[in-house]
Amino acid sequence: MYKGTLALLISSIFTLPTAAIAMTPNSDLNLMPYPQNVALKEGKVTLDKSFSIYIKGYNSPRVQFNTKRVMERLYRQTGLPMLNWQAQSEQDATLVINIHHRPKSDVQNIDSDESYTLDVGNGKIVINAERPYGAFHGLETLLQMVSTDATGYFVPAVSIQDKPRFPWRGVSYDTSRHFIELDVILRQLDAMASAKLNVFHWHIWDDQGIRIQLDNYQKLWRETADGNYYTKDQIRQVVDYARNLGIRVIPEISLPGHASAVAHAYPELMSGIGKQQYPQQRGWGVFEPLMDSTNPALYEMLASVFDEVVALFPDEYFHIGGDEPNYQQWRDNPKIQQFIQNNNIDGERGLQSYLNTKVEKMLEERGKKMTGWDEIWHKDLPKSIVIQSWQGHDSIGRAAKEGYQGILSTGYYLDQPQPTSYHYRNDPMPKGITVDDKLHQGEEFETYEWVKPRGKGGPRKGNLTIITAIDGSYRAFTDYNGKSREEVYILEYVPGVKFRGHFDNFMSYTEFNYDFANDKLADSSYQLIGNVRWPATGQLVASSDMKGSQIPAPNGGYPAELTEKEQALILGGEITIWGENLDSMTIEHRLWPRSYAIAERLWSSQTLTDERSMYKRMKAIDTWSEISVGLRHHADANMMLKRLANGTDSSPLQTLAKYVEPAQYYARHWEKWNSTPTKGDLYNQYERLNRFADALPVESLAVYEMKDLVSRINKGDMSALATLNMHYLTVKLAAQQAKPIFANNIASVNTIPMTDAVIAVADLGMNLIDKIKQGSQFSEQEITAYHQIIDNNAVIFDETIVAIVSPTEQLLHILENH
């Protein structure tokens with residue numbers, strides 16, 4: 001491999017492919033999400049004990065709530081007592097909040113105006129907004145700008161004009177699988193407001209528990225929630241608190257599937273044959289119980305539930321779930337099959353639509369619009385529904401083509417550990433095909449079919465096509481497991497020898513690392529999914545050298561490309577945080593600070609794509625969120641590390657945690673599934689969440705820095721060697737000190753092999769640095785041995801990945817090619 005290719009390989013790890021980079025707006029201030037228009041000016045406005053606020057124009061208890069909240073947070077950020085902060089006039093005030101009009105309706109809706117302007121200069125800060133929601137957002141921007149130097153606290157002079165790109169910017173928050181305590185939920189609302197997220201989608205109803213108090217059908221929560229549920233007063237408290245912050249709250253009542261809790265409480269409403277009885281569900285997965293759409297008693301229950309839930313949630317939308325229905329009970333029940341036949345219903349899919357149509361009318365009668373997951377889509381439903389997509393751009397694009405509104409959740413699953421850059425690149429708007437997949441005269445191609453296993457469920461299959469242009473350049477694309485054709489960004493390609501390239505799969509960052517041998521994928525081939533290697537097998541199936549051969553047609557079609565009218569149907573996106581492997585202590589550091597990056601994708605300009613800027617600003621906002629918002633993601637993680645340290649010094653664990661990552665994507669789920677002789681024994685609510693992996697940040701920013709140092713070294717900057725070496729020394733010492741700590745706690749004894757792996761890779765890294773300093777040459781035997789060290793330690797250790805493997809492997813590539 002030549003040096004230019006290697007530089008591309010390294011530099012592209014945290015940047016968009018060249019073809020995808022656009023001119024970006026300035027991002028000089030540490031703001032997230034970044035405003036639409038920022039004009040920096042000379043000067044600043046000082047913040048001191050004389051700071052005061054004046055509310056001009058529309059005022060209300062909600063405006064006053066946010067004003068007082070700003071003062072409380074300014075105190076947290078500065079420590080300055082500002083005792084006389086309520087100015088008597090506009091002239092006397094430091095901050096003027098000018099809200100031109102009252103809200104158009106008492107209940108915030110998707111059409112609410114959230115725009116604002118913020119002007120700082122000449123000793124005054126002025127926020128102008130048409131409606132209160134914009135003013136609330138402007139206050140959050142202001143709080144992010146508070147700075148200090150040796151002379152005092154201040155806000156830099158600036159002029160900002162801002163409004164959201166998408167009106168629906170939400171978080172789907174699962175409190176069913178593990179109960180999340182009320183104070184944690186309220187804190188997440190504070191954090192959402194700080195990120196300008198405006199929809200709290202409350203998932204309170206699923207197989208493992210129904211967490212809402214209901215006066216009728218009390219067994220729904222009394223017999224499924226283990227006493228952990230939200231009272232009606234608590235739900236009102238959450239809704240009212242969210243409303244004060246400008247956040248809508250939407251409940252989810254899942255039907256007809258994800259119904260194990262309903263089945264346990266009221267088995268007669270299910271679709272089984274004969275006398276039915278169902279245990280309380282403790283496991284994870286998709287289960288058999290399915291509501292009986294032909295049973296009038298089901299609609300009586302739903303009507304009662306809807307009446308009670310609607311009274312608690314004033315938002316115009318109501319979520320009915322609808323995802324992952326297991327139709328087996330419907331298929332096996334002769335009565336239901338006869339109903340389908342008698343009513344000319346289009347099979348089980350049509351029966352779900354029959355249920356949804358009746359439910360939609362029930363909700364409409366109660367003043368609600370229906371929203372649900374991809375599976376609710378059907379031609380019989382009105383265009384007023386909103387489809388939330390977990391199946392990706394293919395699904396949301398198809399819905400828009402049919403005239404349905406949609407919001408994207410695919411690519412925003414924060415219960416899954418993933419690189420933040422992957423989420424940041426994931427735009428809700430389908431963009432169509434980005435690569436020329438046609439073979440032109442004089443060009444040549446190769447297509448390889450591949451198969452990749454999974455830890456649970458069937459394998460993923462697909463193909464990879466590489467086209468060589470007349471000028472010798474390459475382009476590539478993949479048809480991945482029936483999804484639409486996607487461009488693969490090439491990192492390295494030597495025809496007949498090796499291929500490395502990456503793309504963003506609809507659920508994960510995916511990197512092909514293929515070695516070729518006799519038209520097959522060699523045993524060393526793998527796909528990197530997030531940070532986990534999965535072996536891949538395959539062979540050449542078509543090429544220009546095969547007579548009569550041609551590029552296979554895309555088995556999943558092409559990605560949707562929407563017209564301007566259809567683009568208006570994409571309302572935004574929702575972060576999803578499913579609770580299988582999360583509890584009140586661990587859920588927060590899955591959400592933050594990564595949610596700020598997703599919030600920026602939903603709020604800010606589409607042209608804001610600089611990942612280096614994103615990581616820099618997210619690091620600053622991460623600290624700010626602890627101080628100003630009061631987030632506990634780092635505090636809770638440190639508490640877990642102290643628990644593992646068992647009374648000893650936890651600082652080695654805190655240092656080691658900066659260089660180790662949880663296994664990403666669904667790898668941890670599958671590790672739990674496969675951890676017992678009978679598969680799945682610990683894939684349930686009983687599984688402990690006290691491992692070292694549970695206390696880790698999702699992504700190592702220290703390793704991000706190490707990769708950057710390696711990139712500098714590859715470009716000839718030898719001054720980076722000392723800093724890189726210090727990283728290796730630091731993590732090696734931490735691993736050595738952590739080993740006896742892990743050995744003395746039943747929760748971490750299985751983590752010990754990870755420390756040995758860290759030490760081995762750190763030693764290799766320092767050895768390679770010495771070789772670079774000395775200008776040494778390698779023998780083939782040494783190179784093979786070094787690669788073996790890398791491969792041996794690029795595996796999962798107690799649900800963790802030794803993240804320093806990646807920069808060390810890149811360092812080895814430098815030595816191989818110099």
Side-chain angles (χ1 to χ4, degrees), residues 25-35 38-54 67-87 91-97 117-127 138-160 162 190 194-195 592-593 596 610 612-635 638 651 654-655 658 701-702 704-705 708-709 719-720 722-723 726-727 730:
N26 88 74
S27 52
D28 299 327
L29 299 174
N30 288 325
L31 303 175
M32 290 191 86
Y34 211 78
V38 177
L40 299 175
K41 301 187 294 187
E42 292 293 326
K44 60 187 179 182
V45 171
T46 299
L47 304 179
D48 55 26
K49 64 181 182 181
S50 66
F51 180 87
S52 62
I53 302 175
Y54 182 76
T67 304
K68 185 174 185 298
R69 187 167 169 269
V70 165
M71 293 308 304
E72 293 167 351
R73 290 170 61 188
L74 275 176
Y75 182 73
R76 288 208 296 263
Q77 288 183 234
T78 67
L80 294 178
M82 301 175 183
L83 302 180
N84 300 304
W85 59 269
Q86 294 172 300
Q91 290 71 29
D92 295 337
T94 315
L95 169 61
V96 176
I97 303 171
T117 64
L118 172 59
D119 290 286
V120 180
N122 299 319
K124 195 173 290 291
I125 304 165
V126 179
I127 293 175
L139 291 171
E140 292 293 347
T141 301
L142 173 63
L143 286 166
Q144 289 186 5
M145 291 199 304
V146 174
S147 305
T148 186
D149 58 20
T151 63
Y153 296 93
F154 64 91
V155 178
V158 69
S159 179
I160 291 174
D162 201 12
D190 286 331
S194 77
W592 309 100
Y596 287 106
D610 186 339
R612 183 177 292 274
S613 167
M614 178 273 288
Y615 275 104
K616 170 185 170 292
R617 288 181 290 112
M618 186 177 70
K619 184 176 181 180
I621 291 297
D622 186 25
T623 300
W624 171 85
S625 70
E626 289 185 277
I627 298 168
S628 181
V629 184
L631 287 184
R632 289 190 51 82
H633 51 306
H634 294 303
N638 285 333
S651 57
Q654 294 171 2
T655 300
K658 296 177 181 178
L701 297 183
Y704 175 92
E705 181 183 339
D708 193 56
L709 291 167
S719 67
T723 306
M726 184 58 67
H727 276 293
T730 299

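All heavy atoms count here, side chains included; hydrogens, waters and symmetry mates do not. Every value quoted in this text rests on a predicted model; they were computed, and no experiment measured them.
- Atoms OH and CG, from Tyr615 and Leu701 in turn, are 7.5 Å apart once rounded to the nearest 0.5 Å.
- Although no hydrogens or angles enter the test, the distance criterion places no donor-acceptor pair under 3.5 Å between the side chain of Lys49 and the main chain of Leu80.
- Between Trp85 and Thr67, the shortest heavy-atom distance links the atoms CZ3-CG2, 3.6 Å.
- Minimum heavy-atom separation, Pro35 to Asp162: CA-OD1, 3.3 Å.
- With a 4.5 Å cut-off on side-chain heavy atoms, Glu705 and Thr723 count as touching.
- The side-chain heavy atoms of Pro593 and Met32, taken from C-beta on, include no pair separated by under 4.5 Å.
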Next item on the list: Show the numbers, then the answer: is there a salt bridge (Lys or Arg N to Asp or Glu O under 4.0 Å) between Arg73 and Asp190?
Entry: CA-CA 11 Å; Arg73 290 170 61 188; Asp190 286 331; over 6 Å; no
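- Among residues two or more places apart in sequence or in another chain, the side-chain contact (heavy atoms from CB on, under 4.5 Å) test is passed with Asp48 by Thr46, Ser50.
- Closest heavy-atom contact between Val146 and Gln77: CB-NE2, 3.6 Å.
- No more than 12 heavy atoms of other residues, nucleotides or ligands lie within 6.0 Å of NZ in Lys619, so this atom counts as exposed by the packing criterion.
- The CG atom of Leu83 sits 9.5 Å away from the OH atom of Tyr75 when rounded to the nearest 0.5 Å.
- No side-chain heavy atom of Tyr34 sits under 4.5 Å from any side-chain heavy atom of Ser613.
- Using a 4.5 Å cut-off on side-chain heavy atoms (C-beta onward), Thr148 and Thr78 make no contact.
- A donor-acceptor pair is defined here as one N or O able to donate and one able to accept, closer than 3.5 Å; no such pair exists between the side chain of Tyr596 and the backbone of Met614.
- No more than 12 heavy-atom neighbours from other residues, nucleotides or ligands sit within 6.0 angstrom of CG on Asn84.
- Rounded to the nearest 0.5 Å, atoms CG (Leu40) and CD1 (Ile160) are 8.5 Å apart.
- Here Ile127 contributes atom CD1 and Thr141 contributes atom OG1; the two are 8.0 Å apart, rounded to the nearest 0.5 Å.
- Using modelled atom types and a 3.5 Å distance limit, the side chains of Lys616 and Asn30 yield a donor-acceptor pair.
- Going from atom CG of Leu142 over to atom CD1 of Ile125 covers 5.0 Å, rounded to the nearest 0.5 Å.
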Check: Hey, mind stepping through Val45 and Leu95 against side-chain contact (heavy atoms from CB on, under 4.5 Å) and telling me if it holds?
Finding: CA-CA 10 Å; Val45 171; Leu95 169 61; over 6 Å; no
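- Using modelled atom types, one side-chain atom of Thr94 and one backbone atom of Ser52 make a donor-acceptor pair closer than 3.5 Å.
- Nearest approach of Leu118 to Gly138, heavy atoms of both residues: CD2-O, 4.3 Å.
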Next item on the list: For side-chain contact (heavy atoms from CB on, under 4.5 Å), just list the numbers for Ile97 and Leu139, CA-CA rounded to whole Å, side-chain angles, deciding distance to a tenth of an Å, and then say yes or no.
Entry: CA-CA 9 Å; Ile97 303 171; Leu139 291 171; 3.9 Å; yes
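- Contact detail for Lys44 and Thr151: the closest heavy-atom pair is NZ-OG1, 3.7 Å.
- Leu143 CG to Arg69 CZ: the interatomic distance, rounded to the nearest 0.5 Å, is 8.0 Å.
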Checklist line | Audit row: Phe154, Asp149, side-chain contact (heavy atoms from CB on, under 4.5 Å) steps and yes/no | finding: CA-CA 8 Å; Phe154 64 91; Asp149 58 20; 3.6 Å; yes
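- In this structure His634 satisfies the side-chain contact (heavy atoms from CB on, under 4.5 Å) test together with Asp622, Glu626, sequence neighbours excluded.
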Check: Going through the distances and angles, do Val120 and Met145 end up as a side-chain contact (heavy atoms from CB on, under 4.5 Å)?
Finding: CA-CA 10 Å; Val120 180; Met145 291 199 304; 4.2 Å; yes
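- With sequence neighbours left out, the salt bridge (Lys or Arg N to Asp or Glu O under 4.0 Å) criterion links Lys68 to Glu72.
- Smallest separation of non-hydrogen atoms from Met82 and Leu74: SD-CD1, 4.3 Å.
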